[in-house]
Amino acid sequence: MQEKIILPPPNLKGLISVEEAISKRRSHRSLSDQPVSLETLSQLLWSAQGITERSRHLRAVPSAGSTFPLEIFVVAGTFGIGGLAAGLYVYSPADHTFSPLRNGDFRQGLASEALGQQAIANAPVTLVITADYERTRGRYRNRTERYVHMEAGHAAQNVHLQAVGLGLGTVAIGAFDDSGVAAVLGLAANYAPLYIMPIGTTV
């Protein structure tokens, strides 16, 4: 297995405005398997959970009490990310890196657990947004699920708009078997999958 991979710094100036990205946001399920660059992956991961102000540990999306329950996993297909092996990776916002966890192309297995949605099997890369509820529960108790789900929604929308800004398509998928997804990816028991977002060039 490779050691953690340092991502290129995110670009803070886009080619289109926020307003244009919102107006062009669509759910795309027809995606090609054309690889994405490391720079593109960096931008997508930063939009989901990246650090935006290091002195105060602020991230790209708000988090109740700064409990940061989300973990973003990357499912890369064969040749999905230029020069990297197919496999499961996890993003580390603190140092803007991502690390390999398991080798292999898990796209078809993941698609099978999501009612056979082929966008997942076809896309070069898929982000799986998960949550560890216990990070938030100690502070917010019976409001935990609400706050965590709000944060996941913020992250998914950021990814969707960032994809538009990069000229890519994605779709936010919530129809899947939770335990099946966890099993295919070999996720630890404390991580609950909330969104599956295949990303690639539209066809």
Side-chain angles (χ1 to χ4, degrees), residues 2 5-50 60-61 72-91 96-98 100 103-130 152-176 181 184-185 193-203:
Q2 298 166 296
I5 299 152
I6 299 172
L7 290 161
N11 188 347
L12 303 184
K13 294 283 186 180
L15 297 177
I16 68 174
S17 69
V18 172
E19 293 83 359
E20 187 177 353
I22 292 171
S23 72
K24 291 183 174 179
R25 191 219 57 79
R26 301 289 185 274
S27 294
H28 292 286
R29 293 178 174 82
S30 296
L31 304 172
S32 79
D33 63 357
Q34 180 178 339
V36 300
S37 68
L38 204 58
E39 288 78 11
T40 293
L41 180 64
S42 169
Q43 203 70 34
L44 291 164
L45 291 172
W46 175 82
S47 74
Q49 281 286 283
V61 300
I72 312 297
F73 293 91
V74 179
V75 178
T78 303
F79 309 116
I81 305 169
L84 297 182
L88 178 70
Y89 298 78
V90 63
Y91 177 53
H96 196 53
T97 63
F98 74 128
N103 285 332
D105 193 335
F106 303 106
R107 292 179 298 173
Q108 190 59 60
L110 188 58
S112 296
E113 298 300 335
L115 308 181
Q117 297 187 67
Q118 285 303 297
I120 299 169
N122 295 338
V125 64
T126 291
L127 301 189
V128 180
I129 300 175
T130 75
H154 298 321
Q157 183 72 340
N158 272 14
V159 169
H160 213 144
L161 294 177
Q162 183 66 85
V164 173
L166 295 168
L168 300 173
T170 187
V171 57
I173 293 175
F176 53 80
V181 166
V184 167
L185 300 182
L194 299 179
Y195 276 101
I196 297 175
M197 299 187 74
I199 301 168
T201 304
T202 60
V203 294

Can you list every pair that meets salt bridge (charged side-chain N to carboxylate O under 4.0 Å, His left out) and has a residue in residues 24-47, with sequence neighbours left out?
-> E20-K24
Going by atom type alone, with no hydrogens or angles, which donor-acceptor pairs under 3.5 Å involve a side-chain atom of residues 108-123 and a protein atom two or more places apart or on another chain?
unit_1 : atom_1 : unit_2 : atom_2 : d
S112   : OG     : Q108   : O      : 3.0
Q117   : NE2    : A114   : O      : 3.1
Q117   : NE2    : A175   : O      : 3.4
Q118   : NE2    : G116   : O      : 3.4
N122   : ND2    : Q118   : O      : 3.3

Distance (rounded to the nearest 0.5 Å) between L185 CG and T130 OG1 = 9.5 Å
Heavy atoms only: give me the nearest [X]-[Y] pair and the separation to one decimal.
{"X": "F176", "Y": "V181", "value": "CD1-CG2, 3.8 Å"}
{"X": "A152", "Y": "L194", "value": "CB-CD1, 3.8 Å"}
{"X": "S42", "Y": "P10", "value": "OG-N, 4.2 Å"}
{"X": "T78", "Y": "R107", "value": "N-NH2, 3.9 Å"}
{"X": "A48", "Y": "V159", "value": "CB-CG2, 3.6 Å"}

Mind telling me whether H96 and Y91 have parallel, tilted or perpendicular rings, with 30° and 60° as the class edges?
-> perpendicular
Sequence neighbours excluded, which residues qualify as side-chain hydrogen bond (donor to acceptor under 3.5 Å, both in side chains) partners of T40?
-> S37
Please identify each residue that fulfils side-chain hydrogen bond (donor to acceptor under 3.5 Å, both in side chains) with H28, with sequence neighbours left out.
-> none
Who pairs with Y195 by ring pair (Phe, Tyr, Trp, His ring centres under 6.0 Å), at least two apart in sequence or on another chain?
-> none
Qualifying residues under ring pair (Phe, Tyr, Trp, His ring centres under 6.0 Å), relative to F106, sequence neighbours excluded = none
Sole candidate of V125, L44, T201 that passes side chain to side chain contact (heavy atoms under 4.5 Å, CB included) when paired with V36 | V125
